[in-house]
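Everything quoted here is computed from the prediction, not taken from an experiment. Below, each value reflects all heavy atoms present in this structure, side chains not excepted, and no hydrogens, waters or symmetry copies. In what follows, chains are A, B, ... by sequence order, proteins preceding strands, each numbered from 1.
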Amino acid sequence: MPILLYRVDERLIHGQVVVGWGSKLHPDRYVVVDRTVAQSEWEQELYALGIPPGTEALFCTAEEAGRQLDAWRESELRTVLLTRDVETMLELAREDDLQGREVNLGGIHFRKGREEVLSYLYLDERDREALRELAARGVHVSARDLPGSPEVDLDDLTG
Amino acid sequence: MSEEEVLRGVVLAHGAMARGLADAVAKIAGPGEDVLIPLSNEGKSGEALQEELEGLLGKGPGIVFTDLTSGSCALSARRCCRPGEGRAVVFGVNLPVLLDFVFNRNLPMEELVPRLLEKGRAGLTSLPDYTTHADSPVSG
């Protein structure tokens with residue numbers, strides 16, 4: 001079973017992912033690729049509270065994920081993979097060939113230096129550069145917060 | 001009770017729910033009972049939400065009332081209310097809980113929180129009361 005969703009979302013495991021996407025994709029497993037969470041048992045416990053019964057959550061760094069991606073793709077478990085930011089998804093793309101895969105931008109929120117692109121998506125130049133490199137690596141990037149929302153292509157996001 | 005010791009209540013919820021609940025409390029309990037601060041997660045990162053919540057709670061004791069047991073609101077609430085900090089999180093907030101909080105927030109936390117949970121559970125019921133038909137199968 002391929003990985004059903006590669007998503008960049010600052011909130012990682014939260015309502016939109018578990019309820020919005022979860023009710024459409026019915027995943028068995030949520031993989032959170034994030035260095036900070038991978039190093040904190042407390043954070044892992046917090047995020048694990050958010051997954052539905054019968055599903056599992058894994059937490060790892062991009063490097064660790066890079067070594068596991070093939071196994072996850074071959075597994076029978078339906079998997080959703082999440083990163084907090086574009087840079088981590090890019091790091092993952094450098095670890096593993098994501099060419100031809102689709103990456104979903106789900107929620108990058110306002111902070112100083114970021115400009116609004118969509119109501120749920122704010123980008124700074126560093127984000128844009130990372131997105132351009134993802135595209136150069138053959139990754140199809142688009143934004144959509146929920147399955148029922150319109151999909152916005154990368155070209156319309158980076159200008 | 002000093003300014004720092006006044007028990008604060010923050011309603012932290014998705015979308016416009018927090019403002020709606022706080023508004024409903026003010027309508028019922030009176031506009032003078034301005035003891036509940038609404039906070040929405042709308043458009044905020046986890047860090048930003050946590051920072052805002054910390055600011056609203058201040059240095060004293062406080063209760064965060066939130067909607068779900070998980071998700072971005074619950075995560076921020078849990079991070080701000082680690083055990084031993086004189087704070088508590090009440091999940092699954094409803095209007096009976098908040099009204100009881102407004103009128104009883106002078107109670108000690110260990111007495112107040114169980115009381116609020118009881119009020120919240122009692123406020124969730126149905127007509128007819130299907131719970132009395134214990135032999136009925138539950139679908140879904």
Assess whether salt bridge (Lys or Arg N to Asp or Glu O under 4.0 Å) is satisfied between A/R84 and B/E47, documenting all intermediate values.
-> CA-CA 12 Å; A/R84 186 192 302 271; B/E47 287 80 4; 3.4 Å; yes
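In this structure, B/S70 and A/G50 approach most closely via the heavy-atom pair CB-CA, 3.2 Å.
Separating the CD atom in B/E42 from the OH atom in A/Y120 is a distance of 13.5 Å, to the nearest 0.5 Å. A/D9 contributes atom CG, which lies 11.0 Å from atom OG of B/S45 (distance to the nearest 0.5 angstrom). Remark: A/L49 CG to B/L75 CG distance equals 8.0 Å, nearest 0.5 Å.
The 12-atom threshold is exceeded at CD of A/E116, counting heavy atoms of other residues, nucleotides or ligands nearer than 6.0 Å. The neighbour count for A/E41 CD, taken as heavy atoms of other residues, nucleotides or ligands under 6.0 Å away, does not exceed 12. Within a 6.0 Å sphere centred on CZ of A/R73, other residues, nucleotides and ligands contribute more than 12 heavy atoms. More than 12 heavy atoms of other shown residues, nucleotides or ligands fall within 6.0 angstrom of atom CD in A/E64. For B/E51, the CD atom sits in a loose shell: 12 or fewer heavy atoms of surrounding residues, nucleotides or ligands are nearer than 6.0 Å.
Neither the backbone nor the side chain of A/Y122 comes within contact range of chain B; no heavy atoms are under 4.5 Å apart.
Counting heavy-atom pairs under 4.5 Å between each of A/E43, A/H14, A/Q16, A/R111 and chain B puts A/E43 at the top.
You'll find the side chain of A/R11 reaches within 4.5 Å of the side chain of B/N41, heavy atoms only.
In this structure, A/V32 is a member of the same hydrophobic cluster as A/L5, with clusters built from ILVMFWY side-chain heavy atoms closer than 4.5 Å. A/V19 is not connected to A/Y30 by any chain of hydrophobic side-chain contacts under 4.5 Å among Ile, Leu, Val, Met, Phe, Trp and Tyr, and they are in different clusters.
The backbone N or O of A/L46 sits nowhere less than 3.5 Å from a side-chain atom of B/R79 that would complete a donor-acceptor pair.
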